[in-house]
Amino acid sequence: MSRRHLAPLTLVLAAALPQAAAANPLPKGDFHEALIGAMTDRTLRNVTLQGEQLKLQEVPGISPLGAYRVNLISVCQMLGTSNSTSAQAGQVMRFQNPSVFANLGTNFQFAVNSQVVQPHQRERVEKALAERLQTLNGEHGDLKATLKRQDNGSYQLLAQHEYGASPSAGHARSRLASTLSNARFMICDIHEAMEWADHEQWKQLRGSKLGKLDRGQFITLYPLLKESGYEAQGHAPGGTWRFKMTDDYTTRVENFGDEFKVWVYTKPPMAPDAARFGAIATRLRALPLPLGAVRIEPTEPNERGFIWVGLVFSYANMTGADFADTMKKLIDKKQVMDFYKDVQQVVREAS
């Protein structure tokens, strides 16, 4: 995890630095030892880490008495995976959330950001978070935690333990362990609440005419996109994703709210002039429209000579079930590659 991902956390903790020096601060070595011990104390209270161990790394510039990054690994069950006959039996979702612990002499402070939560998931998530916060605040009277929703839809957990007049590594260790454990459980609380919210939304969408589809609904109807590695940068307001169809070929899907586009690309043997490209575009637009697509959009060759061709689907008369079925056929069953072959043949023949 690069340092830029830690910036919001380090800024939050650094804001606490201007304070009077403690008469008897907790030494850096004692804090470091307490944190390592805490990681051992609670590391197995969650679902198995599959052999992984939590690791810490010092973060400079926060406190001379020690500040450390810990990547909190949370392994969370998915809905329906407890059914031994399900195709998803035993599957889990794995999250790794960077967190920061800082020893400020009179107290330690902690910050971690959760995964991003969509608007339709907030009510369930915030109910689960309220219960988790009550649990964390109830474990030790001198450990206080708060939660705040961030602009991007994630939640930031902040916790602070006041050492008191006689700082103790033992007391710090138990509070650190409590913070670690509940922070990891929080990630799974959020995941489970999001799963139930998506399940409810899926039931609502599957039989209804869509008309429009936002990013969260797109993901709900095609849950593969909950996994990392698919989302890509793009200009489509409802999200852009890429899918590896073969070892050397990738397609892109863009959601524009009222329609989505599946893109393929090919490179002509020779760069076409304007007249030749016009002929190619005409032939491409005349190709049969598979799976209920409404039109074909060819683009002019880019700076590398590739022609991108979009297969466009409208949400106007599509139900949620129709959309999910179309995406599965295009991506899971790789029918987009049949369209790609048709495009490739047209471009070669017309070049």
Side-chain angles (χ1 to χ4, degrees), residues 5 8 76 78-79 93-97 113-129 148-156 187 189-245 250-264 291-295 297 308 310-332 336:
H5 291 92
C76 312
M78 297 171 63
L79 290 185
M93 287 290 288
R94 179 184 181 278
F95 298 91
Q96 183 168 285
N97 299 74
N113 289 343
S114 77
Q115 62 270 54
V116 172
V117 175
Q118 301 301 320
H120 74 277
Q121 300 163 336
R122 284 178 190 161
E123 182 177 357
R124 275 188 171 272
V125 166
E126 291 183 359
K127 180 179 179 181
L129 288 178
K148 180 182 179 182
R149 190 171 77 219
Q150 306 296 291
D151 290 341
N152 69 348
S154 68
Y155 290 82
Q156 186 171 83
I187 301 303
D189 292 340
I190 293 172
H191 166 72
E192 182 177 359
M194 290 170 66
E195 287 268 283
W196 279 111
D198 286 350
H199 179 66
E200 290 171 352
Q201 188 177 68
W202 161 245
K203 289 194 298 182
Q204 176 187 355
L205 291 173
R206 65 183 176 182
S208 305
K209 290 292 178 70
L210 297 176
K212 293 185 177 296
L213 206 61
D214 62 27
R215 178 183 174 277
Q217 293 168 330
F218 197 102
I219 295 171
T220 294
L221 291 170
Y222 192 56
L224 175 69
L225 302 180
K226 294 179 183 179
E227 299 181 13
S228 62
Y230 291 104
E231 192 150 14
Q233 291 186 344
H235 301 293
T240 300
W241 295 270
R242 58 173 176 263
F243 302 91
K244 188 173 183 179
M245 308 308 296
T250 301
T251 190
R252 291 172 71 90
V253 176
E254 294 181 315
N255 176 25
F256 289 89
D258 57 353
E259 62 185 18
F260 74 95
K261 301 178 183 181
V262 183
W263 294 93
V264 299
L291 301 175
V294 295
R295 66 182 184 278
E297 287 187 4
W308 284 78
L311 189 60
V312 185
F313 296 83
S314 171
Y315 298 135
N317 294 310
M318 187 180 283
T319 67
D322 293 335
F323 168 78
D325 184 59
T326 301
M327 284 294 293
K328 287 177 181 178
K329 288 177 179 177
L330 285 166
I331 304 302
D332 298 6
V336 68

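Below, each value reflects all heavy atoms present in this structure, side chains not excepted, and no hydrogens, waters or symmetry copies.
- For Arg122, there are no salt bridge (Lys or Arg N to Asp or Glu O under 4.0 Å) partners at least two apart in sequence or on another chain.
- Of the N and O atoms on the side chains of Gln115 and Asn97, not one donor lies less than 3.5 Å from an acceptor on the other residue.
- Nearest heavy atom pair, residue Leu213 against residue Asn255, reads O-ND2, 3.0 Å.
- For the atom pair Lys261 NZ and Thr240 OG1, the distance stands at 11.0 Å (nearest 0.5 Å).
- For Lys328, the side-chain contact (heavy atoms from CB on, under 4.5 Å) criterion is met by Tyr222, Asp332, not counting sequence neighbours.
- Just one of Glu200, Glu195, Glu192 meets the salt bridge (charged side-chain N to carboxylate O under 4.0 Å, His left out) condition when paired with Arg124; it is Glu200.
- When all heavy atoms are compared, the tightest approach of Gly257 to Tyr315 is O-CD1, 3.1 Å.
- A search for side-chain contact (heavy atoms from CB on, under 4.5 Å) contacts involving Glu231 returns Arg215, Trp241, not counting sequence neighbours.
- Rounding to the nearest 0.5 Å places CD of Glu297 at 10.0 Å from CG of Leu311.
- To the nearest 0.5 Å, the span separating CD on Gln201 from CG on Leu221 amounts to 7.0 Å.
- Annotation: ring pair (Phe, Tyr, Trp, His ring centres under 6.0 Å) contacts of Phe313 (sequence neighbours excluded): Phe260.
- Listed by chain and number, the residues in a salt bridge (Lys or Arg N to Asp or Glu O under 4.0 Å) with Asp325 are Lys329 (sequence neighbours excluded).
- Rounding to the nearest 0.5 Å places CD of Gln118 at 7.5 Å from CG of Asp214.
- Smallest separation of non-hydrogen atoms from Glu254 and Ala236: CB-CB, 3.7 Å.
- For the ring pair (Phe, Tyr, Trp, His ring centres under 6.0 Å) test, residues two or more places apart in sequence or in another chain that qualify with Tyr230 are Phe243.
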In sequence, state the C-alpha distance, the side-chain angles, and the governing distance for His120 and Gln204, and then conclude on side chain to side chain contact (heavy atoms under 4.5 Å, CB included).
-> CA-CA 12 Å; His120 74 277; Gln204 176 187 355; over 6 Å; no
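- With rounding to the nearest 0.5 Å, the separation of CD in Gln96 from CD1 in Ile187 is 11.5 Å.
- Judged as a side-chain contact (heavy atoms from CB on, under 4.5 Å), and not counting sequence neighbours, the contacts of Arg242 are Ala232, Thr250, Arg252.
- Taking the side chain to side chain donor-acceptor pair (under 3.5 Å) definition, one finds that Lys212 meets it with nothing, sequence neighbours left out.
- Taking the ring pair (Phe, Tyr, Trp, His ring centres under 6.0 Å) definition, one finds that Tyr155 meets it with nothing, sequence neighbours left out.
- With sequence neighbours left out, the ring pair (Phe, Tyr, Trp, His ring centres under 6.0 Å) criterion links Trp308 to Tyr265.
- Remark: Thr319 engages Lys209, Ala321, Asp322 in a side-chain contact (heavy atoms from CB on, under 4.5 Å) (not counting sequence neighbours).
- In this structure Asn152 satisfies the side chain to side chain donor-acceptor pair (under 3.5 Å) test together with Ser154, sequence neighbours excluded.
- Atom NZ in Lys148 sits 11.0 Å away from atom CG in Asn113 (nearest 0.5 Å).
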